Amino acid sequence: MFSLNGKIAFITGSSRGIGLGIARALARQGADLRLSAVHREGLDAAVAELRRNFPERRIEGIPCDVTSQESVDAAMRAIESLGGLHILVNNAGINLRAPVEDMPDELWQQMLDTDVTGVFRVCRAALPLLKGHGGKVINLCSLMSEIARPGIAPYAAAKGAVRQLTRALATEWAQYGIQVNGVAPGFIATDMNKPLMADAALNGYIMRHTPAKRWGTVDEVGNVAAFLASSAADFVTGQILFVDGGFMASL
Ligand code: NAP
């Protein structure tokens, strides 16, 4: 039921962090992988690691900058030539922190362009490949899809929009047999969160408010993505699944 044998997955931003964790989880369940990132060096290292650990899977690296339509279109052509697509994971994301009163337009635009317009761009371009396969789309949401904290307004705005885009696409693409869901990680130990992990006050806040009393792991997010990518979730669409050690439940 959870087998992904014979499925091909494209994961944006999978050179490290949560994207790489999701890639490992999908490979464990049998999927072939199309890994992706902007920077070639990190991408090549991720491809090499996964080929070493999953020699029976076909694993290819496809550079893709989700802020460029040209780059997204080129990636889709490469994916098509490599055998098509069944599972799309929109994971690429950034978080540039600044209070709104000091925020230049460029920072706001870059955040929205990467974290929400990037998801729209990749989804739209991938649809022709996903149609007819009973495809799966998984979008990375966040606690900030529902709540907010100071200093990350564009991230919260973008992740709230990704939650709504996920629901909208679920309703539009049900006619094609495509399920669209979100995974919302809580506080997960990754590069993006290094500044938070080093901040004693914030780290204390996270420990007090996460009932599980620890940071989550990228594997724990990956396992949930693998469920949503599988036929076990064929009647699940438009949902945002929180992987947060109980954080949202305890608010
Ligand atoms: P990360 O460790 O910083 O990795 C980000 C990945 O995205 C890298 O592979 C990076 O590739 C890629 N990327 C950045 N800009 C890109 C662009 N314009 N086009 C394509 N790829 C791009 O991040 P993470 O912490 O794993 O987060 C991954 C996702 O989970 C994000 O959407 C984030 O918002 C979400 N999330 C994370 C947490 C958490 O606790 N970490 C919690 C909730 C949600 P390059 O190195 O080549 O740029």
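In this chain, numbering begins with 1 at the start of the sequence shown. Ligands are counted one by one from 1 in listed order, and the atoms in each one are counted from 1 as well. Model, not experiment: these values are computed from the prediction.
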Using a strict cut-off of 4.0 Å, indicate which atoms of ligand 1 neighbour a heavy atom of G17.
2 (O), 26 (O)
Within ligand 1, which atoms have a heavy atom of A37 less than 4.0 Å away?
11 (O), 47 (O)
If we ignore angles and hydrogens, is there a donor and acceptor under 3.5 Å between the side chains of N139 and T166?
yes
Any N or O of T67 closer than 3.5 Å to N or O of ligand 1
no
May I ask whether D65 has any heavy atom positioned less than 4.0 angstrom from an atom of ligand 1?
yes
Checking contacts here: is it the side chain or the backbone of I94 that comes within 4.0 Å of ligand 1, counting heavy atoms only? Could be both or neither.
side chain
Note: ligand 1 atoms sitting under 4.0 Å from heavy atoms of G93 are 5 (C), 7 (O), 31 (C), 32 (O)
Would you mind reporting whether V66 and V119 have side-chain heavy atoms less than 4.5 Å apart?
no
Protein heavy-atom partner closest to atom 19 (N) of ligand 1 - residue, atom, separation in Å
V66 N, 2.9 Å
To the nearest 0.5 Å, what is the distance between OG on S81 and CD1 on I62?
7.0 Å
Which atoms of ligand 1 have any heavy atom of D191 under 4.0 Å away?
2 (O)
With a 4.0 Å cut-off on heavy atoms, is C141 in contact with ligand 1?
yes
Under 4.0 Å to a heavy atom of N193 - the qualifying atoms of ligand 1, by number
39 (C), 40 (O), 41 (N)
For ligand 1, which atoms, with element, lie under 4.0 Å from some heavy atom of H39?
45 (P), 46 (O), 47 (O), 48 (O)
More than 12 foreign heavy atoms under 6.0 Å from CD of Q164: is that the case here?
yes
Nearest non-hydrogen contact to atom 20 (C) of ligand 1 from the set S14, G13, C64 belongs to C64
Atoms in ligand 1 with a heavy atom of S15 nearer than 4.0 Å
8 (C), 9 (O), 11 (O), 46 (O)
On the 0 to 90° scale, with breaks at 30° and 60°, tag the F247-H209 ring pair as parallel, tilted or perpendicular.
tilted
Under 4.0 angstrom from ligand 1, any heavy atom of G186?
yes
Would you say ligand 1 has an N or O under 3.5 Å from any N or O of L140?
no
Protein contact to atom 1 (P) of ligand 1 [nearest heavy atom, distance to 0.1 Å]:
R16 NH1, 3.2 Å
Whether the W215 and N203 side chains hold a donor-acceptor pair (N or O, under 3.5 Å, no angle test) is what I'd like checked.
yes
Part of M144 within contact of ligand 1 (heavy atoms, under 4.0 Å)
neither
Ligand 1 contact by Y155, heavy-atom criterion under 4.0 angstrom
yes
Using a heavy-atom cut-off of under 4.0 Å, does the side chain or the backbone of V38 touch ligand 1, or both, or neither?
both
